[in-house]
**Q** 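Please read through the structure below; I'll follow up with questions.
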2 protein chains.
Amino acid sequence: MLTIGKLGEAAGVKVPTIRYYEQIGLLPEAERSAGNQRLYGRKARERLAFIRHARDLGFTLEAIRDLLSLSDRPDQSCAAADAIAKAQLAEVESRLARLTALKAELERMVVQCAGGSIADCRVIEVLSDHSLCATDHRHPESEVPS
Amino acid sequence: MLTIGKLGEAAGVKVPTIRYYEQIGLLPEAERSAGNQRLYGRKARERLAFIRHARDLGFTLEAIRDLLSLSDRPDQSCAAADAIAKAQLAEVESRLARLTALKAELERMVVQCAGGSIADCRVIEVLSDHSLCATDHRHPESEVPS
DNA sequence: CCTTGAAGCTATAGTTGCTAGAGACATTAG
DNA sequence: CTAATGTCTCTAGCAACTATAGCTTCAAGG
């Protein structure tokens with residue numbers, strides 16, 4: 001049995017994050033020692049590793065909640081899990097596309113900056129005037145996931 | 001002079017967002033009409049367009065605050081603005097790299113899912129066991145901007 | 001056995017960048 | 001003139017944590 005600190009170290013998750021996951025019901029309430037400290041066994045370790053890995057892959061906690069409840073029913077169809085993963089893939093692809101466009105525009109901005117004074121700064125200028133953007137494209141919705 | 005609604009429409013920014021920008025000091029306090037409604041002139045329009053454009057390019061509000069205060073002093077060196085833009089570019093590039101890796105992994109997960117039952121689901125399996133990832137790479141820090 | 005320092009506990013509040021709601025007043029179209 | 005928007009302020013909520021305060025428990029050294 002591991003204490004919360006050891007578990008966090010093992011899984012690469014910070015201690016308050018583990019407590020947070022318990023609080024929102026993503027992890028079950030941990031067993032407690034005589035002195036009221038949380039103790040974790042193999043199952044909790046595996047569940048946390050699952051969560052961590054899915055977070056690394058960009059799944060939201062909501063999606064992870066769904067995936068976890070699916071993995072608790074191994075006899076059912078895999079379609080739902082597949083759908084969640086596909087949605088996540090689509091999301092990642094769309095973010096990639098947006099970021100790629102942003103990168104191009106930022107690069108142009110930075111390259112054109114001759115290092116003079118603010119008055120001639122391309123960076124400020126481009127930001128001030130959208131029409132100075134390379135093409136007449138409208139900007140992507142936003143680079144930050146909604 | 002525009003009302004807040006017209007301004008928002010013109011700039012592609014929602015009304016509460018404009019009020020929020022004013023509240024956090026990104027926009028100056030607006031003039032008011034006799035009936036206490038906000039009124040905006042050319043300068044406010046330009047400033048909001050600047051903010052909107054910078055947000056579209058992924059700059060944080062903090063970075064935008066800096067860029068705005070730079071653009072208010074047109075005689076100074078452009079180096080600071082350049083540095084902010086370069087930092088943003090680096091951030092975007094790193095996110096791109098991470099997302100590209102995620103995409104590859106998600107694609108593998110999805111492709112390998114044969115559509116059987118959860119017990120054989122690659123999606124769940126890969127999430128459960130990091131060692132099933134294609135290579136022995138450690139995952140990127142996180143795909144979500146910190 | 002006792003002390004000290006690290007690690008754990010709870011609870012609350014802060015972060016970023018908004019968004020949504022309530023309830024009241026202002027403006028405008030018909 | 002009335003009804004429908006639009007705007008006002010204020011507060012609370014979202015994701016996914018992170019940080020703080022003030023306490024208790026635990027493990028190791030003297």
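A note on names: the letters A, B, ... follow the listed sequences, proteins ahead of strands, and every chain is numbered from 1.
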**Q** D/dA15 C1' sits how many Å from A/I64 CD1, rounded?
**A**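 Value for this atom pair: 12 Å.
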**Q** Let me know the distance between CD1 of B/I24 and C1' of C/dG17, rounded to the nearest Å.
**A**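 These atoms are roughly 8 Å apart.
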**Q** I'd like to know whether CD of A/Q112 has more than 12 heavy-atom contacts from other residues, nucleotides or ligands below 6.0 angstrom.
**A**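 Yes - once you tally the heavy atoms of other residues, nucleotides and ligands closer than 6.0 Å, there are more than 12.
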**Q** Is the shortest side-chain N/O distance from B/R19 to OP1 or OP2 of D/dC8 below 4.0 Å?
**A**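 Answer yes for this pair, as a side-chain N or O of B/R19 is under 4.0 Å from OP1 or OP2.
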**Q** Between P on C/dA7 and CG on A/L7, what's the gap in Å once rounded to a whole number?
**A**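 Answer to the nearest Å: 15 Å.
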**Q** Establish, with yes or no, whether the OP1 or OP2 oxygen of D/dC17 is under 4.0 angstrom from a side-chain nitrogen or oxygen of A/Y21.
**A**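 Affirmative; the distance criterion is met.
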**Q** Does a side-chain N or O of B/T3 approach OP1 or OP2 of D/dT7 to a distance below 4.0 Å, or not?
**A**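 Checking D/dT7 against B/T3, a side-chain N or O does come within under 4.0 Å of OP1 or OP2.
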**Q** Using side-chain heavy atoms (C-beta onward) and a distance below 4.5 Å, is B/L102 in contact with A/L96?
**A**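 No; the side chains remain at least 4.5 Å from each other.
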**Q** At less than 4.0 Å, is any side-chain N or O atom of A/Y20 found next to OP1 or OP2 of D/dA15? Yes or no.
**A**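 For D/dA15, OP1/OP2 do not have a side-chain N/O of A/Y20 under 4.0 Å.
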**Q** When you check the phosphate oxygens OP1 and OP2 of D/dT18, does a side-chain N or O of A/T17 lie under 4.0 Å from one of them?
**A**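 Answer is yes, contact under 4.0 Å.
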**Q** Would you kindly give the OH-to-C1' distance between B/Y40 and D/dG6, to the nearest whole Å?
**A**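 So the two atoms are 13 Å apart, to the nearest Å.
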**Q** Quick check: do A/Y20 and A/L61 have side-chain heavy atoms less than 4.5 Å from each other?
**A**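 In contact.
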**Q** A/R55 side chain N/O closer than 4.0 Å to the phosphate oxygens (OP1, OP2) of D/dA15?
**A**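 Checking A/R55 against D/dA15: no side-chain N or O falls below 4.0 Å of OP1 or OP2.
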**Q** Using a cut-off of less than 4.0 Å, is there contact between a side-chain N or O of B/S33 and OP1 or OP2 of C/dT27?
**A**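 For C/dT27, OP1 or OP2 has a side-chain N or O of B/S33 closer than 4.0 Å.
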**Q** Please determine whether a side-chain nitrogen of the Lys or Arg among A/K43 and A/E46 lies less than 4.0 Å from a carboxylate oxygen of the Asp or Glu.
**A**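 The answer is no: the pair does not qualify as a salt bridge.
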**Q** Does a side-chain N or O of A/R38 approach OP1 or OP2 of C/dT10 to a distance below 4.0 Å, or not?
**A**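 It does, given that an N or O in the side chain of A/R38 lies less than 4.0 Å from OP1 or OP2 of C/dT10.
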**Q** OP1 or OP2 of C/dT19 versus the side-chain N and O atoms of B/K14: is any pair under 4.0 Å?
**A**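 Answer is yes, contact under 4.0 Å.
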**Q** Could you tell me whether the phosphate oxygens of C/dT10, OP1 or OP2, come under 4.0 Å of any side-chain nitrogen or oxygen in A/R32?
**A**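 Indeed, a polar side-chain atom of A/R32 lies that close.
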